[in-house]
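Here the structure is a predicted model, which is why all the values come from computation and not from measurement. Every chain is numbered from 1 and lettered A, B, ... according to where its sequence line falls, protein lines coming before strand lines.
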Number of protein chains: 2
Amino acid sequence: MNKEYTETELLIVNAARKVFLNKGMDGARMQEIADEAGINKALLHYYFRNKQKLFDAVFQEALEKFFPAIVEVLINETPFIDKIDILVDMYFDRFKENPHIVSFIIHEINQNPERIENVMKESGMRLDVIKQKIQEMIEVGKISFFSFDHFMVNMLGLIIWPFAGRPLIQRMLFENDPEKFDDFLEERKTVVKRVLKKSLE
Amino acid sequence: MNKEYTETELLIVNAARKVFLNKGMDGARMQEIADEAGINKALLHYYFRNKQKLFDAVFQEALEKFFPAIVEVLINETPFIDKIDILVDMYFDRFKENPHIVSFIIHEINQNPERIENVMKESGMRLDVIKQKIQEMIEVGKISFFSFDHFMVNMLGLIIWPFAGRPLIQRMLFENDPEKFDDFLEERKTVVKRVLKKSLE
DNA sequence: GTCTATATGCAGATAGAC
DNA sequence: GTCTATCTGCATATAGAC
């Protein structure tokens, strides 16, 4: 899975992650990555040949954080209703640690949609299989309406948007006060779980 | 509001919109915009002085499409529950016409958050006033839980994510078939309305 | 492996003819 | 107003010394 990095490579990838996540592929500068890593520009090329390959390493890593975790939770034997709590908490916590990952991924998958194929193949995701499994798992009667597709899109939409739209939302609704926004994010875990469960009634 | 454009200016802005929405500020090339407009690079500078000013024109226009419309619906006298249907349809239709606008705005507000201030001031949005008005409008009893902030974020999240994440979602859930995805989008109008209303019970 | 110095190419912007 | 030709600066990438 993870190519094991040498110490210097790790230094570079960490710096690259920071810069790429903030600026995107086009906006990032090799110089800035080098500075951030405390090394020289030429070294970047020594280790990663070119900007594209360095970017790919970061992007792949980001997407791998985004998805495989969800799969693990979806396929295990936890009752479906409990999966909701677990998934919501998991994503909120993950995005809170690294808020820029959301807009980064959104931007890059739209820039270069083909890149996803590779990452998905590498990580061996078979969402169609999961879909099947979940459909079977749903206890008919308890849940009046269920579409796996809509459920997944609902969940991610409810979670993702405040992170992706933060600069806008914080200004429009919270007088641009970061603390108010953070409180809102914390509340939101509960709200999202509630909405998702209601959506199944 | 809209500076009235001359014929050539309009030609340029239309081309610029197309390119900027697809590539973002950093990824866009003045040459490409010129080609798209069927004119010369130098003319871009003649009319808009530099890339930044041209970009600002496009960005402002995009944000103005994004928000003022929602305000209009929120403040009028329609019963709140009906506003939901209207808003959902409005945004879906708008984004379907111009799918790239979503990831464009997400990217740019995160790149340069300060830019929003200007646009918001220009368009005179006072969301705090609307918030107040809506809170009063809610019929207590019929609606058990209401937070304007969460409701707005829920609504936009549910609507926006399929547009922003399309390349990913289409591959993960619909074997990368655009038609299947479009059917899904159409279904989604109903689903989102339903989920939003359930969330208020 | 790590650096300095340099090559190469390209994008944004300007000069100036028509 | 619109064009061609050109300048300038900068970013990626390479050469080559240590």
Ring centroid separation A:Phe104 to A:Phe20 under 6.0 Å: no
Audit row: B:His150, A:Phe184, ring-ring contact (aromatic ring centres under 6.0 Å, His included) steps and yes/no: CA-CA 8 Å; B:His150 285 292; A:Phe184 174 73; 4.3 Å; yes
Heavy-atom check, side chain of A:Asp89 versus side chain of A:Lys189, under 4.5 Å: yes
Value in whole Å for how far the P atom of C:dA7 lies from CE of A:Met30: 20 Å
B:Phe151 ring center near B:Phe80 ring center (under 6.0 Å): yes
Length of the NZ-C1' vector between B:Lys53 and C:dA13, whole Å: 14 Å
OP1 or OP2 of C:dT2 under 4.0 Å from side-chain N/O of A:Tyr47: yes
Rounded distance in Å - CZ (B:Arg49) to C1' (D:dG1): 18 Å
Integer-rounded Å distance: C:dA11 P and B:Asn50 CG: 17 Å
Any side-chain heavy-atom pair of B:Lys51 and B:Met25 under 4.5 Å: yes
Sugar-phosphate, base or nothing in reach of B:Ala28, heavy atoms under 4.0 Å: sugar-phosphate
Heavy atoms from other residues, nucleotides or ligands near CZ of B:Arg194 exceed 12 (cutoff 6.0 Å): yes
Nearest to side-chain heavy atoms of A:Arg29, which nucleotide of C:dA13, D:dG1, D:dA11: D:dA11
Within-4.5 Å side-chain heavy-atom neighbours: B:Leu127 and A:Leu173: yes
Atom-pair distance (CD1 on B:Ile33; P on C:dA11), nearest Å: 12 Å
Between D:dG9 (C1') and A:Gln31 (CD): distance, integer Å: 15 Å
Closest-nucleotide 5' rank along DNA chain D - winner of B:Thr8 and A:His45: B:Thr8
Rounded distance (Å) that lies between atom C1' of C:dA11 and atom CZ of B:Phe20: 13 Å
Atom pair distance, as rounded to whole Å: CG in A:Leu44 and C1' in D:dA11: 12 Å
Between the protein and nucleotides 3-6 of chain C, are there any N/O to N/O pairs under 3.5 Å, and if so, what are the atom names and distances?
| unit_1 | atom_1 | unit_2 | atom_2 | d |
| --- | --- | --- | --- | --- |
| C:dC3 | OP2 | A:Asn40 | N | 3.3 |
| C:dT4 | OP2 | A:Asn40 | ND2 | 3.0 |

